[in-house]
Amino acid sequence: MIVDTLSQLVRAALHGAASDGVLRLDDVPGIDFERPKRKDHGDFATNIALVVARGTGKPRDVAQALIERLPASDVVDAVEVAGPGFMNFRLSAAWLHDVVRRAAQHSSDFGRHSVGVGTKVNLEFVSANPTGPLNVVSGRHAAVGDAMARLLEAVGYGVTREFYVNDAGRQVEIFARSVEFHYLKRHGVDVAWPEDGYRGDYVAELAETIARESGDRFVDMSDDERLQALAAVALDKELSGIRSTLERFGTHFDVWFSERQLHANNSIKQAVETLEAKDLIEQREGAKWFRSSEFGDDKDRVVVRSNGTPTYTASDVAYILDKVARGFDQLIYLWGADHHGTVPRLMAAAEALGIGRERVKVLLVQIVSLSSGAETLKGSKRAGVYVLLDDLIAEVGVDAARYTFLTRSIDAPLDFDIALAKEQAPENPVFYVQYAHARISSILRRADEQGIGVDAASAPLGLLTHPSEDDLMRKLVTYEEVVLEAAEALAPQRITRFVEELASTFSAFYRDCQVLTEDAELSHARAVLCVATRRVIADGLALLGVSSPERM
RNA sequence: GCGCCCGUAGCUCAGCCGGAUAGAGCGUCGGACUUCUAAUCCGAGGGUCGGGGGUUCGAAUCCCUCCGGGCGCGCCA
């Protein structure tokens, strides 16, 4: 990458300056490059002179000395001292053209990196309770998690997308009882409505479906049997609904991991034994406590209740052990911010079990609150109040929905107003970006009709001298750094930003430079610039899971 | 009370591993369609980056503190 090349040049200059006695180098500091916000500050800038001149008061002199000692390079056009002592690099046209050619070649690895090659990542996200259809909260998680996975893959990681299915425990039981209520009622048997039962209409509909498909065969079972049977059928149906919603949303999971399985195959019992073997468990008041407070948690946690049943914490321990046993190097959990209280205990478990905190990353997606107009709704499946992801998709489409979720950082709370989302759907910035793509596609169709070449290797890019052409080329080539930064920061919104800026820069080019002209050479060069731009827009949108239409 | 997150333009938010004159979209106002897609473009207006202190050559960004908002603090999941 270009910044590596630049770093080498600067490092050589640093050593040169040191051996000339211009400055003292106790240790070679890390050399950082940034892309200046202002165009006249060049393509890349480094503050290294400010860093090494700390305390001398003469950073500009140091910068000048470094510039004089920079080895010659055909990628650098000019370097100048600026401001308090920055070194601003302007890169050569030859370099710029090489990168544009690479971007224009569809088979090239432009925008791909290899930092993650050989590292297996488990990224768990959504993991919504299978006790009802997905709502927009899960939509945000799905969009963000999937985009993160795509980013990680773009930089070389092997990513497994995983959905943890909470198909055990109390919520499932309440859900099953809620279904049972409607089911039995339909068969003329009245039972009491379960405490905290699930209120949504879908529960009655589900019971209806089950009654239609299975008849009355659950009615005469024992309570336990019936509950188990209904739970199995109901969860299965909800889960397949969730799965198809996610597929429709463009989010495919590699692994659907069942919590129930952890119980069934003794994993939880073994996990507790593992903790016991490490002397991390103590008996208190008939329960088994994991001494998580020794590992940074604010208190110890019960893993097995006094009645002998394991807690959710025990499942978490068993689950993380299972992930590690499956050979993952990195474990990423994407959780709702309302679960942040459980992060310390998971990290405590990771440390106590010798997994290591650095292998585990818990990312918290801030709360999604729902509103409709002025009214604030509480998004809870149990209360039966929510905005379905399916409805959102139907109203605004997959692209606009995903894009909206991916414009903000996961740290920003999201107040989701379904009415507003519908109303604003037509002015969603995603269409701006897609429009640029469609427009380029249209130009290239015409170019093809007119027999204008789009061969990247032979295109005379030296003809691209207009400021808008220069801006577009320089914007394009930053994509490589943007992808790497976005992946490292797990920040898909940076891609969203970038594609908007790129589309905007393209629009300026489109305004100023007619692509298809009388001049075949110039048309060729501009067409190749269009090809490169289209490729990067499509690639960026693909990282977001958003489509790139040829026509709009 | 303790912990985590947030506070940036009228609104919704980027920017936050310190960097040069703080950005975008929407909204408002004023312009531009016989020319490759006007789902577009150009221009204007709009800011004590919550307040205060500190570190630094340099702070929206790091530290402390206060204020405001959200969330969480179960042998629930």
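Letters A, B, ... are given to chains in the order of the sequence lines, protein chains preceding strands, and every chain is numbered from 1.
Between Trp256(A) and Phe163(A), the ring planes are parallel. Angles under 30° get that label, and only those over 60° would be called perpendicular. The aromatic rings of Trp335(A) and Tyr333(A) sit perpendicular to each other, their planes meeting at more than 60°, with 30° as the lower class boundary.
The two residues Leu364(A) and Val343(A) have their closest heavy-atom pair at CD2-CG2, 4.2 Å.
Phosphate contact (OP1/OP2 of U37(B), side-chain N/O of Arg446(A), threshold under 4.0 Å): present. Distances shorter than 4.0 Å separate none of the side-chain N or O atoms of Tyr312(A) from OP1 or OP2 on C75(B). One finds a side-chain N or O of Arg439(A) lying less than 4.0 angstrom from the OP1 or OP2 phosphate oxygen of A38(B). Between Arg170(A) and C76(B), a side-chain N or O to OP1/OP2 separation shorter than 4.0 Å is absent. Within the 4.0 Å cut-off from OP1 or OP2 of C76(B), at least one side-chain nitrogen or oxygen of Arg305(A) is found. At least one side-chain nitrogen or oxygen of Tyr435(A) sits closer than 4.0 Å to the OP1 or OP2 atom of A39(B). Side-chain N/O atoms of Arg551(A) include none lying less than 4.0 angstrom from OP1 or OP2 on U37(B). Between Arg494(A) and C16(B) there is a side-chain N or O to OP1 or OP2 distance below 4.0 Å. Phosphate contact (OP1/OP2 of A20(B), side-chain N/O of Lys37(A), threshold under 4.0 Å): present. For the pair Tyr432(A) and C41(B), the criterion of a side-chain N or O lying under 4.0 Å from OP1 or OP2 is met. Put simply, Gln493(A) has a side-chain N or O that comes within less than 4.0 Å of OP1 or OP2 on G15(B).
Spacing of P atoms, C17(B) relative to C63(B), comes out at 11 Å, to the nearest Å. Taking atom C1' on both nucleotides, G18(B) is separated from C57(B) by 12 Å, rounded to a whole Å. For the C1' atom pair drawn from G7(B) and G45(B), the interatomic distance equals 25 Å after rounding to whole Å. Taking the P atoms as reference points, C42(B) lies 49 Å from G3(B), given to the whole Å. A distance of about 28 Å separates the C1' atoms of U37(B) and C29(B), rounded to the whole Å. Rounded to whole Å, the separation between the P atoms of G43(B) and U56(B) comes to 42 Å. Nucleotides U28(B) and C11(B) are separated by 12 Å at their C1' atoms, to the nearest Å. Taking the P atom of each, G58(B) and G19(B) are spaced 14 Å apart, rounded to whole Å.
Crowding of Glu195(A) atom CD: a count of heavy atoms from other residues, nucleotides or ligands under 6.0 Å not exceeding 12.
Here the P atom of nucleotide A77(B) and the CZ atom of Arg301(A) are 13 Å apart, to the nearest Å. In this entry the distance linking CZ of Phe33(A) with P of A20(B) reads 17 Å, nearest Å. Atom-to-atom, OH of Tyr403(A) to P of G25(B) comes out at 11 Å; the value is rounded to the nearest Å. The separation between Asn88(A) atom CG and A20(B) atom P is 12 Å, rounded to whole Å.
Under the stacking criterion of a centre-to-centre distance below 5.5 angstrom and an interplanar angle below 30°, Phe86(A) sits stacked against the six-membered ring of A20(B). The aromatic ring of His41(A) is stacked on the base of A20(B), with the two ring centres less than 5.5 Å apart and the planes inclined by under 30°.
The listed nucleotides are A77(B), G15(B), A20(B); the one nearest the side chain of Ser409(A) is G15(B).
Relative to the ring axis of Phe290(A), Lys288(A) does not place its NZ or CZ within 45° and under 6.0 Å from the centre. Remark: Lys475(A) fails to qualify as a cation-pi partner of Phe509(A) under the 6.0 Å distance and 45° angle criteria applied to the six-membered ring.
A 3.5 Å limit on both hydrogen-bonding distances identifies C67(B) as the Watson-Crick or G-U partner of G7(B). G30(B): Watson-Crick or G-U partner is C42(B), with both key distances under 3.5 Å.
Nearer the 5' end of RNA chain B, as judged by each residue's closest nucleotide, is the contact made by Ala82(A), out of Ser504(A) and Ala82(A).
Within 3.5 Å, a donor on the side chain of Arg38(A) pairs with an acceptor on the base of U21(B), or the reverse.
Side chain to side chain, Glu259(A) and Ser315(A) meet the donor-acceptor criterion of an N or O pair below 3.5 Å.
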